[in-house]
Amino acid sequence: MFYFILPPKDKHELVADMKTALEHICRLRDLKTSGSAVDEIAEKQESLQESVYKIFIKWKEEWRFVLTFVPELMSTALATLEVIPADVPADDVLFAMVLDFLRNLTLCISPKRMTRYWPTEVSWLSKLVRWLELSLAATSDGSLNWSTLYVLVLWLSSAVRTPFDLSRFDVNNIKDEHSLEHRIDDIIKNTAQNYALLPVVHLLAGSFYSRPDIIRSSSRLERFIGSLVNQLKDATSSVNDKVCCLRALASLLKTVDRSTMSEHVDQIVEPVMTLVDSPHELLAKLAIKILGRSALTRIRPRLLKWRYNCGKRIIDSTAKPSDGLKEPLLKEIKSSSEDALLHDLDEKDDDEDFDFDELPPYFETLVHLLLNSLNHQSSVVRFSVAKYLASICSRLPYQFSADILGHVVEHLASPTMDDLAWHGACLALAEFVRRGYVRIDFMVRVVEVVEKALFYEHVKGK
Amino acid sequence: MSLYFAFYLLTLYTLLGSFSLGSHVRDAAAYICWAMARAYDARQIGTFVDRLAPALICVVCFDRALNCRRAASAVIQELAGRTQRFPHWLDVIGRTEFAELSLLEHTFLEMGVHFATTYEVFRSAIIQHLVTDKTTHWDPVVRRLAAHTLGSISAVVPFGRLDQLNVLLERTLSADLNGRHGAILSLAHIIGRDGSLNPADTNHYQSNLWRTVKGLVEELKCRNLFAGIGGEFMKEGTLAVIENYCARGWSVPEELASSWQEVVLSGINTESDVVQESTVRATVAFASALFKSAHLEPFLKALLSVFRRYEAHFAISTVARSLGLMSDEVLEPVANDFVLEMVNFLRATFCSPLRRSETTADVVASVLKLMDRFLEKIEKSLQQEVKNWLMRALDDHTITKQGNVGALVRVAAMGALNTAKECAFLNSMEPEQSLQIIRLVAGEAVFRRNGSYALAVKKLAQLIKWLNVEQRATLLDDEITKLIVQLESSEAIIEEVEQYAVLVKLFNSPQLAPTLWFGLICVIADPLLEPFTKVFVAFLRASPERERILESFLVVAGEKAKDGRLSMPLLVSMKALLVSVPTKSEWQKKVATLCWSICEKSANPKKYLLAADVLCTLVPLGSSNLANAMRYLYVLLGYKMPRVRSYTAMELFTALLALDDDDGQLMEAVDLLQTTDWLVAADAKAARERIYAIVKQVCQSA
């Protein structure tokens, strides 16, 4: 824990930096609320934005310490935005500067962690959509004011999670092209292929299409998935376009209800399988992610009877094993250990529970693909493969899971396996062990692998 | 031809790679263990913990990658904390914590040796791992550390009857270069430390060992393994064997003396730093082992011939360092010869622009050590010459493309100077010589260079202590003596600036002051050492001896006016002293003259700029300075370099503005300085004539 304690010198520096950032945003707020001329600040716009960027980029490594300052910085920024009308002109300097400030803050502590700080009151929703539409209209390619778009899209992804039906925001509940639902759909379509907005657009797509009212009342999700799949199949589309599509699909597979997505999964898997061997690291990683999530969508979650259960942990009992345990505690430990052994013997029941029709026809190919990708060139892809192999096994009967585990271990027996294969296999085994999917009787083989891997060395070069 | 290729293939030794992949695999393996500790019941994985514990200890102590050592440490903590079946976990956790793992030397030689020697349960795994994996490792640093660790373990756990000894013996001639190097080094360290080994022992293991050791050099030579890419490794290993064998006090077998001598001499002629280090140690041990044998004289003659034949400088360096460490009884008969040869070497190379300063430093240090130990054996004339060389070495300020290499020689000379009360060499010196040594060392201390400062202060304190009471009284007063002597222990004064404040008090001694100025002007000229300049200025302002000290500055400036190293610092110091210390007009007049003598006829424009600085600083200090300075400024205002003209005009403009000019006579000169284009030579010359006339008129009316 002591690694996270900031030395006093750095602490003073952090406080000073955050004070500077706060002064900057307070100055913007005061200018806006007082309605004074902004000529002076407009001249220095670029240098001011640059200085704020430097402050937040400097603390990106130590983002935990910035968290304490976020509420104050956010509330000041929002106070400025509150007085900005919905029909803000495209060249409003203060508006652009405030949103650039929020983007720098987001870059510092990552878009995902910022999700909880955005206000989600319904009053913001229509204003946000209007701002987004104006920003998109101001620039056709979205490259000029992408930092404004970046922040607005991220904010909208939080705001759109409102529990109220979106039609209630429309006048007379009419579902035409002026309805909020339609306008947000348009925004997503217009920004989905924008690579500059890659880190945020998928969050918006995930939040919007997973809304029950969208799923229930329209075929928007189906059409969106269809357009993404077509884009993937299109041989002329660029790598960046494909990455954007895959990111959005991965988000949909995570956020949209399993029963809804299972209808669309099969059409997604086919084009994605061909992308796993791509030399582009991010593309391959996203392809693996989608394949893994697709398999998880097709197979329903279940309680694993064969999973190892280590029972309850009692500190007292482990702290003094030789001092003689109290009788009830001893019984508890004994029974939990015995349970673990008993669960090991439940294979037959386990198979009977499982519906083999759940498995898609391409399941075997998919698992083979994942197993082969364990020795992928890129380590992030190997990490991803290991994670999804273990996740898939959590929904399979014991025999299937044991086959996959056995394959991973036997894979290493081959003398031609290089360091990549060893690394991938070790990661997969670690994931299996961490989740308790390795039975005690199989642990001997895992330990044999560990004994070799602990001293693994592959000498190269001359 | 086919026979030639067959022979070539049979003698082809494999050199495995120079880097490896796999640290990420080892890290992931540690992740598996960590996950197991967290997810499984302690009672069920207990057997696995027992099985994995020695392996994890090996990783935490001997893995080359820091992240793997840390990962293994985290696993040990998890396993020990959750299962409490980790052997000796109370001790292990404390010794393998995060902060202990950063240095490979510490994990090998402290942690590894401790676990192997203290706990039976880890011992065999550690020894096995070191012998099979680490002594064959691709990184020579790891092989050396592994060999050293095995040696340290063998001091407690005798290897005399272990199978691993045979493994190492078999590998001494293997095809794999890394394995061969590691095995020979390991054997060397085991021979050096294992108390159970004895060449007279005839049991199976030991007879094997001694047979291998005795045949090692011949075998390697037959296979031509002292040449080529692995030759340096083989020399290093063999030299380590010789060193450790001889250091045990065993006599060198008759049949091996000549071949071992050959190896030592070939090590002397090898440029690699590692081999040179090994050679120095092996030479010392080998010479001691040959004492009272007929082979000693030829060996010493061979070492002497290294000087006589003017072999490569690094070879001379190696021999010189060895001589400094050899025992008295070995060197005594030949001390005079060695000193003579080394003085000859200094004579030939000291002033050469091609000299290797490290070698010069080693030779100077070695000569001084020999003089101290064998003064009576050295001829009188030679003694005198060495004393002169000592002075020259202490005053060596050679600067080459490699930088300030003279510092190496100065530091070596100071380091080798024995200042004990009973030291023969220093006691044999004339009073004037010893005073000169004190002057030079004091000058070095005031010079305040990072590499030599601490040593110079310490030696100065020791030298002052060494002086007898009368000598000391003539040199310094009691209070300063006491303060200087305290500097050796550094207990009374901690801050460097405070320490320097004591050092500058040496300026009160008229005998020391002139030499101290050489160092001090360099400190003043160095903007990074400004705090020390301030200390001196504060001292000088408060000193009652200020005028005498400033006079000594003028003497030094006159002596070193044309010195390439000191002339520019002198100009900077002149300005600094004029600005910060009250001075008399007579002194200022002399400074103007000296300032001009420094830059006169120089091709370096920086000197003229600095001179303009000094002269223009003089102008506002006193009315009499204007006429005097103007004589030289007149030349600078019309100098052939435009930059010098314009800079001088700018400085003079500022200086004239600072003068009291009630009558406004100088206003025209000030205007001219401001309005003239000094970059145009014709305009500049016309303007300077007018300015000179105005200033002359003003001075006459005054």
Visitor: Considering residues, nucleotides and ligands other than B:E97, do more than 12 of their heavy atoms fall under 6.0 Å from its CD?
Guide: yes

Visitor: Is any side-chain heavy atom of A:V433 closer than 4.5 Å to a side-chain heavy atom of B:Y40?
Guide: yes

Visitor: Can you confirm whether B:Y31 sits close enough to A:E431 that some side-chain heavy atom of one is under 4.5 Å from a side-chain heavy atom of the other?
Guide: yes

Visitor: Select, from A:V438, A:L427, A:L429, the one with the greatest count of heavy-atom pairs under 4.5 Å involving chain B.
Guide: A:V438

Visitor: To the nearest 0.5 Å, what is the distance between SG on B:C68 and CG on A:L454?
Guide: 9.0 Å

Visitor: Taking all non-hydrogen atoms of both residues, which atom of B:A29 and which atom of A:C426 are closest, and how far apart?
Guide: N-CB, 4.3 Å

Visitor: Side chain, backbone, both or neither: which part of A:V449 has a non-hydrogen atom closer than 4.5 Å to chain B?
Guide: neither

Visitor: Would you name the heavy atoms of B:A35 and A:A430 that are closest together and state the gap between them?
Guide: CB-O, 3.7 Å

Visitor: Would you indicate whether the side-chain heavy atoms of B:V25 and A:H423 approach each other to under 4.5 Å?
Guide: yes

Visitor: Would you find more than 12 non-hydrogen atoms of other residues, nucleotides or ligands less than 6.0 Å from A:H368 atom NE2?
Guide: no

Visitor: Please report the closest heavy-atom contact between B:A39 and A:R434, naming both atoms and the distance.
Guide: CB-O, 3.5 Å

Visitor: Return yes when atom NZ of A:K285 has more than 12 non-hydrogen atoms of other residues, nucleotides or ligands closer than 6.0 Å, and no otherwise.
Guide: no

Visitor: Please find the pair of heavy atoms, one from A:F455 and one from B:A55, that lie closest to each other, and give the distance.
Guide: CZ-O, 3.5 Å

Visitor: May I ask you to test the A:M443-B:Q44 pair for a side-chain heavy-atom distance under 4.5 Å?
Guide: no

Visitor: At a heavy-atom separation under 4.5 Å, does A:Y437 approach chain B through its side chain, its backbone, both, or neither?
Guide: backbone

Visitor: Does a sphere of radius 6.0 Å around CD in B:E271 hold more than 12 heavy atoms from other residues, nucleotides or ligands, not counting ones at 6.0 Å or beyond?
Guide: no

Visitor: Go through the structure and list residues passing side-chain contact (heavy atoms from CB on, under 4.5 Å) with B:S272, not counting sequence neighbours.
Guide: B:E232, B:T270, B:V274, B:V275

Visitor: Might you point out which heavy atoms bring A:V459 and B:W138 nearest each other, and give the distance in Å?
Guide: CG2-CD1, 4.0 Å

Visitor: Hey, are the side chains of B:F48 and A:V444 touching, using non-hydrogen atoms and a 4.5 Å cut-off?
Guide: yes

Visitor: Check this for me: does any side-chain nitrogen of one of B:R51 and A:E451 sit under 4.0 Å from a carboxylate oxygen of the other?
Guide: yes

Visitor: How far does NE2 of B:H24 sit from OH of A:Y456, to the nearest 0.5 angstrom?
Guide: 7.5 Å

